[in-house]
Amino acid sequence: MRLGRGINRTTMSKKKNKYYVVWEGAEPGIYDSWQQCQTQIMGFPGAKYKGFKTRQEAEYAYQHSYKDYYKTGEQTKPHQESKALFSHSKNNIIKDSWSVDGACSGNPGRMEYRGVHTDTGEEIFRVGPLRGGTNNIGEILAIVHALALLEKKEDTTTPLYTDSKTAMSWFKKKKINTKLAPTSYNKKVMELVQRAEHWMKSHHPPNKILKWDTENWGEIPADFGRK
């Protein structure tokens, strides 16, 4: 049957999809509506997602790479009505937000982390240097520290930027999956790791954690400038 005039083919194609896989977004996973998918990709630079007709197809795709499903010229590109969400312009940065970052001299080594206001660069907190840490641990501790502070301020809306996919994954799983073994040398770091894991499992902050687009925006404002 021919489509009538004025009907948007992109919209028709979207309605045929019942499940959406989000490989990279606020919370990667499988969603059963376009509205839920939008929530995960909005404000997330470089988000990767695709719609599927069946749950089985979506689950299979989620276990594989986005690159296996993205082909130039096909409808797997971002939907027309959502192109603004994928712009790499710095104008898309949410100014009223916090940015966090970690740094480590050596691996393991002297670790520190901090949080700043994204727009002004004003430092909100800084911890370290601490002996025997890693960069990834610093990144996740910075996220937890910032969220705990926002909770104390009863601030449920300020979003948080991080440039660490690893830290975002650890936070989602509520588990700091480090291979660092506890020693007397890194005692303080491991204490913070245990406290952070306990906090993540017992708190459910509503603040969004967003991925900083380093490639297009430059270093995150909380960067220690030692690269």
Side-chain angles (χ1 to χ4, degrees), residues 20-29 31 37-51 61-62 64-105 107 111-124 126 134-147 158-173 176-178 207-227:
Y20 291 84
V21 174
V22 177
W23 284 274
E24 292 189 22
E27 291 189 17
Y31 297 89
C37 177
Q38 277 188 309
T39 300
Q40 305 311 318
I41 64 178
M42 186 173 295
F44 194 101
K48 294 179 174 60
Y49 71 98
K50 187 180 186 300
Y62 189 51
H64 294 76
S65 172
Y66 168 75
K67 293 180 180 179
D68 296 334
Y69 292 88
Y70 183 91
K71 294 182 180 179
T72 303
E74 292 191 357
Q75 196 54 52
T76 52
K77 286 186 175 181
H79 293 290
Q80 185 70 29
E81 62 268 37
S82 301
K83 283 186 176 179
L85 303 180
F86 293 84
S87 171
H88 298 304
S89 170
K90 285 189 174 182
N91 292 331
N92 285 345
I93 298 173
I94 302 174
K95 293 184 177 181
D96 190 12
S97 61
W98 289 10
S99 294
V100 298
D101 197 22
C104 192
S105 178
N107 189 37
M111 179 203 76
E112 55 190 317
Y113 61 86
R114 69 174 186 151
V116 305
H117 190 278
T118 302
D119 187 38
T120 67
E122 178 184 0
E123 189 169 84
I124 302 168
R126 179 191 286 251
T134 67
N135 189 71
N136 284 335
I137 289 177
E139 299 275 11
I140 184 63
L141 291 180
I143 290 176
V144 174
H145 192 127
L147 291 174
T158 296
L160 197 64
Y161 280 111
T162 175
D163 60 8
S164 174
K165 291 183 180 179
T166 297
M168 293 179 74
S169 174
W170 285 356
F171 186 84
K172 179 184 176 183
K173 296 175 181 177
I176 300 178
N177 193 27
T178 179
N207 309 74
K208 287 188 177 182
I209 301 176
L210 306 175
K211 177 66 171 62
W212 182 263
D213 187 2
T214 304
E215 181 178 355
N216 295 287
W217 298 345
E219 296 296 342
I220 193 167
D223 182 67
F224 283 84
R226 298 172 186 167
K227 296 178 177 65

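These numbers come from the heavy atoms of this one structure, side chains and all, not from hydrogens, waters or symmetry mates. Not measured: the values here are computed from a predicted model.
- Shortest non-hydrogen contact noted between N136 and S164 is OD1-OG, 4.4 Å.
- For K211 against W217, the heavy-atom pair with the smallest separation is O-CZ3, 4.4 Å.
- In this structure the side chain of I143 never reaches within 4.5 angstrom of the side chain of W170, judged on heavy atoms.
- Enclosure of atom NZ in K172 by more than 12 non-hydrogen atoms of other residues, nucleotides or ligands within 6.0 angstrom is indicated.
- A donor-acceptor pair under 3.5 Å links the side-chain atoms of Y161 to the main chain of I94, judged by distance alone.
- Smallest separation of non-hydrogen atoms from R114 and A222: NE-O, 2.9 Å.
- When each of T118, T158, N207 is tested with S97 by the rule side chain to side chain donor-acceptor pair (under 3.5 Å), just one qualifies, namely T118.
- How far CD1 of I140 is from CG of N177: 11.5 Å, rounded to the nearest 0.5 Å.
- Looking at W212, its side chain does come within 3.5 Å of a backbone N or O of G218 through a donor-acceptor pair.
- For the pair D163 and D101, the minimum side-chain heavy-atom distance is below 4.5 Å.
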Y113 and H145: side chain to side chain contact (heavy atoms under 4.5 Å, CB included), yes or no, with the steps?
CA-CA 9 Å; Y113 61 86; H145 192 127; 3.5 Å; yes
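- The two residues H64 and W23 make their nearest non-hydrogen contact at O-NE1, 2.9 Å.
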Run the side chain to side chain contact (heavy atoms under 4.5 Å, CB included) test on T39 and E27 for me, step by step, so that the C-alpha distance in whole Å, both residues' side-chain angles and the decisive distance to 0.1 Å come before the verdict.
CA-CA 9 Å; T39 300; E27 291 189 17; over 6 Å; no
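- If you take CZ on F224 and CD on E112, they are separated by 4.5 Å, rounding to the nearest 0.5 Å.
- Considering every non-hydrogen atom in both M168 and L210, the closest pair reads CE-C, 4.3 Å.
- A pairwise comparison of heavy atoms in C37 and Y49 identifies SG-CD1, 3.8 Å as the closest pair.
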Verify side chain to side chain contact (heavy atoms under 4.5 Å, CB included) between K208 and L160, making sure each step is shown before the conclusion.
CA-CA 6 Å; K208 287 188 177 182; L160 197 64; over 6 Å; no
Any chance you could lay out the side chain to side chain contact (heavy atoms under 4.5 Å, CB included) test for M111 and I137, step after step, and finish with the verdict?
CA-CA 8 Å; M111 179 203 76; I137 289 177; 3.8 Å; yes
